[in-house]
Amino acid sequence: MKPTTYLNKTVLRYASIGFFIIALTIFLMATTLKDLRQEAMDTHRRIAELYAYTFEEHFSQMLHHLNFSIDRLMQLHVSKKEVASLSPLLHSLCENVPYIRSFSISDETGKIIASSLSNNIDRSIDLHTFLPIPFGDDALLRIGVPQEGRDFFASKSNGDYRAIDANGIFFLPVIKKITLENRPYYIAVSINTDYLYRRYLSVLPPEQGTTLSIWRIDGTLLFSSDRTQPLALSHYTPQHPKDHEDFYEHVKHYVHHTLNVFRSAHTFGFIVEIKTDEHVVLTYGDKERRKILWLSAALILCLGVLFATLVIRYLRENERQKRQLTYEKQFRIAMEATQTGLWTWDIISDRVTWDPQCFKLLGYEPDTFEISLEKIYQLTHPDEAATMYFAIKEQIIAKHAFVIERRMLNARNEWVYVQVRGKAVEMTDEGEPKLLTGVYINIDAQKKAEHLHLSAVAFEAQEAILITDANEKILKANEAFTRITGYSESEIIGETPRFFRSGKHDKAFYTAMWQELLTKGFWQGEMWNKRKNEEVFAEFLTITAIKNAEGKTTHYIANLSDITQHKVAQEQIHEMAYYDPLTHLANRRLLDETMQHLWNEGKSKPHYHALLFIDLDHFKTLNDRYGHDAGDMLLVQVAARLKDVVRKSDLAVRLGGDEFIVVLCELGNHYGMAHYLTQSVAQKILTHLCEPYALLEGNYTIGASIGCVLFTSDTHPDITAILKEADSAMYQAKAGGRNRIYFRNDATPS
């Protein structure tokens with residue numbers, strides 16, 4: 001074969017490989033762009049489905065609450081002439097409910113006879129605009145059509161489904177048919193659409209390109225987060241005909257955009273639609289795709305340049321080799337380029353030979369010293385020299401060849417890694433190696449690269465790592481640190497760790513930490529710091545000082561892990577163990593530990609303390625009359641009032657049922673003053689507990705009886721005895737007429 005033909009085939013082979021790589025790159029680029037687009041669409045559709053589920057649940061919960069409130073109203077068995085007097089009760093139902101503007105009651109003709117808003121009385125409601133119909137005797141919550149105006153008094157009937165400007169004032173009516181004293185009435189509620197806008201726009205800002213629409217089951221638009229969309233119009237149009245009797249079946253079968261999501265309510269007659277602007281969704285993806293296009297173009301250009309460079313270098317190298325190099329020179333250059341040296345070892349005569357390259361790869365001039373087995377042992381690291389011969393012999397016996405790595409001393413008095421490869425070319429009759437030959441290969445750079453790689457892998461481990469200089473200036477942080485704090489490495493380079501302080505630790509904490517770090521060179525503990533999004537989190541932190549050969553600190557390395565979830569779990573366990581789940585007051589277990597603490601401190605601090613036993617008067621009557629829900633609501637308010645009255649150093653406890661304990665700590669060592677302070681606090685508690693409580697049924701007043709006991713750790717070493725005395729004092733207060741205070745050691749209650 002002619003040399004020219006060989007060169008042409010080689011160039012053609014390189015060109016084929018180059019074109020294949022470029023074609024493969026273009027194919028992968030196109031596939032990646034397509035996958036990115038589809039992934040963006042799928043992701044935003046899943047987000048839209050989540051929004052639809054969330055808003056459907058929220059709107060359904062509002063309607064469930066209205067339905068529940070109406071059912072509660074029906075329990076008030078009133079006569080016909082008393083219906084008009086229900087306005088105050090209707091007004092109380094609207095309190096603290098931001099999405100309700102008014103509650104009204106109309107007769108069977110639609111005329112309002114009672115309302116939480118007096119302007120609504122004598123106004124008429126168009127009952128024909130509510131679904132589902134017919135009304136019949138089913139007590140269903142029915143949804144009307146949006147109406148202009150703030151409430152029924154300012155609205156006009158929208159029986160003709162006129163379009164309503166969403167930027168104006170309007171409300172959404174719902175009604176429910178009820179029966180009072182064998183007569184039909186209608187409870188009408190006006191839903192505050194301003195609340196819906198504030199609520200939903202806070203979740204779906206307009207700039208996100210996602211809008212929410214709520215449709216009635218007949219296709220009437222009830223609400224839309226897009227204020228440019230007229231309300232009270234039908235989904236059906238001449239261009240968009242009605243092809244199903246059921247609206248939800250229609251939206252499922254009618255062709256909509258891929259990113260549009262519909263969700264039907266399970267209980268009420270409405271459907272939630274989430275519409276996403278494809279242009280907004282794909283804007284970020286377009287930026288990424290443009291990056292990929294530029295990178296791909298750059299890669300293709302580089303491949304072309306590389307291909308041309310390889311061809312040119314190949315042609316030049318081939319020509320140079322033909323003109324200048326012989327086989328021996330090529331072999332020697334290859335040996336030098338790979339830092340490989342040839343050696344032989346005659347075991348019988350114990351004679352070792354090195355070629356010049358063996359000296360050079362250790363930095364010595366050829367024949368600098370006489371080579372011998374003893375000299376090789378001297379140049380080999382002591383940890384490996386002792387087992388070197390046995391390792392070689394073991395491998396040779398197994399497969400006639402061996403590969404071992406060892407550290408050898410170079411001309412600069414440094415240990416470098418050398419790989420020794422060899423083979424037994426002659427064996428004795430007994431199978432023992434007689435003549436070995438092989439090569440030395442300098443693998444020091446490879447070993448160092450492996451060590452660097454291992455260090456890099458360790459640095460990018462799951463545990464966050466931060467490195468600073470001796471002046472606390474941040475030099476480097478790994479990906480785990482970025483994942484925990486939210487700060488990228490470029491954002492914090494040059495800053496100090498004070499940049500992350502949460503403000504939860506005082507100066508004394510940091511002083512103690514640095515004192516230990518400077519003294520011991522090491523500190524470990526828990527700390528609260530702040531993420532980039534201002535969120536405070538708990539971390540377990542280890543700081544180590546790195547010193548040089550002179551013992552001077554050059555760097556600090558901090559290892560940290562996020563333990564926020566662990567701390568939250570600890571707090572939840574503590575809450576469950578020491579606090580009442582209904583009122584969040586302390587329970588009996590925390591009371592026992594607090595009393596034990598007071599007795600332990602009493603040995604060094606002889607103070608008076610007081611225990612107040614509080615029992616609500618006639619609490620059972622409330623439960624029997626209004627139910628346990630009302631009782632629980634009152635107990636929660638009692639707990640809140642006790643927290644407001646007592647000091648932070650005192651303890652408020654729910655013992656069980658309607659029984660409460662208040663422990664007043666460290667009232668001084670004078671009995672008279674302690675008695676006076678206890679009397680003052682008890683009177684303040686009694687005054688607060690006797691004030692009216694806000695229940696669903698209206699304001700409710702209840703009294704309390706309080707038994708008081710003063711004690712010290714010397715006079716009352718048993719909490720059971722103190723509780724019995726306080727309980728007895730409380731019953732003395734009840735026997736004296738209830739709603740009063742009684743001291744165990746007093747002759748008369750006060």
Interatomic distance, CG@Leu622 vs CD1@Ile702, rounded to 0.5 Å, equals 6.0 Å
Look at the side chain of Ser87 and the backbone N and O of Ser115, then say whether any donor-acceptor pair between them is shorter than 3.5 Å. yes
Under 3.5 Å, is there a donor-acceptor pair between the side chain of Ser190 and the main chain of Ser102? yes
Rounded at 0.5 Å granularity, tell me how far CD1 in Ile112 sits from CG in Asp122. 9.0 Å
Can you name the nearest heavy-atom pair linking Leu221 to Pro146, along with the distance? O-CG, 3.8 Å
Side-chain donor-acceptor pair present, Thr129, Asp126, cut-off under 3.5 Å: no
Between Glu49 and Arg263, is there a side-chain N and carboxylate O pair less than 4.0 Å apart? no
Between Asn192 and Arg101, do the side chains contain a donor N or O and an acceptor N or O under 3.5 Å apart? yes
Over 12 foreign heavy atoms within 6.0 Å of CZ, Arg625: no
Could you list the residues that satisfy ring-ring contact (aromatic ring centres under 6.0 Å, His included) with Phe171, not counting sequence neighbours? Phe152
Any chance the rings of Phe660 and Phe613 have centres within less than 6.0 Å? no
Please determine whether the number of non-hydrogen atoms from other residues, nucleotides or ligands lying under 6.0 Å from atom NZ of Lys111 exceeds 12. no
Can you tell me if Ser224 and Asp226 form a side-chain donor-acceptor pair at under 3.5 Å? no
What I want to check is whether the side chains of Asp580 and Asn587 have a donor and an acceptor closer together than 3.5 Å. no
Backbone N or O of Gly110 within a donor-acceptor pair of the Asp107 side chain at under 3.5 Å? yes
Output, in order, the C-alpha distance, side-chain angles, deciding distance and verdict of salt bridge (Lys or Arg N to Asp or Glu O under 4.0 Å) for Glu148 and Arg162. CA-CA 10 Å; Glu148 292 180 308; Arg162 291 177 291 102; 3.8 Å; yes
Which pairs of donor and acceptor atoms, one on a side chain in residues 58-67, lie under 3.5 Å apart (sequence neighbours left out)?
from: His58; atom 1: ND1; to: Tyr200; atom 2: OH; distance (Å): 2.9
from: His58; atom 1: NE2; to: Arg199; atom 2: NE; distance (Å): 3.4
from: Ser60; atom 1: OG; to: Glu56; atom 2: O; distance (Å): 2.9
from: Ser60; atom 1: OG; to: Glu56; atom 2: OE2; distance (Å): 2.9
from: His65; atom 1: ND1; to: Tyr99; atom 2: OH; distance (Å): 2.9
from: Asn67; atom 1: OD1; to: Lys176; atom 2: NZ; distance (Å): 2.5

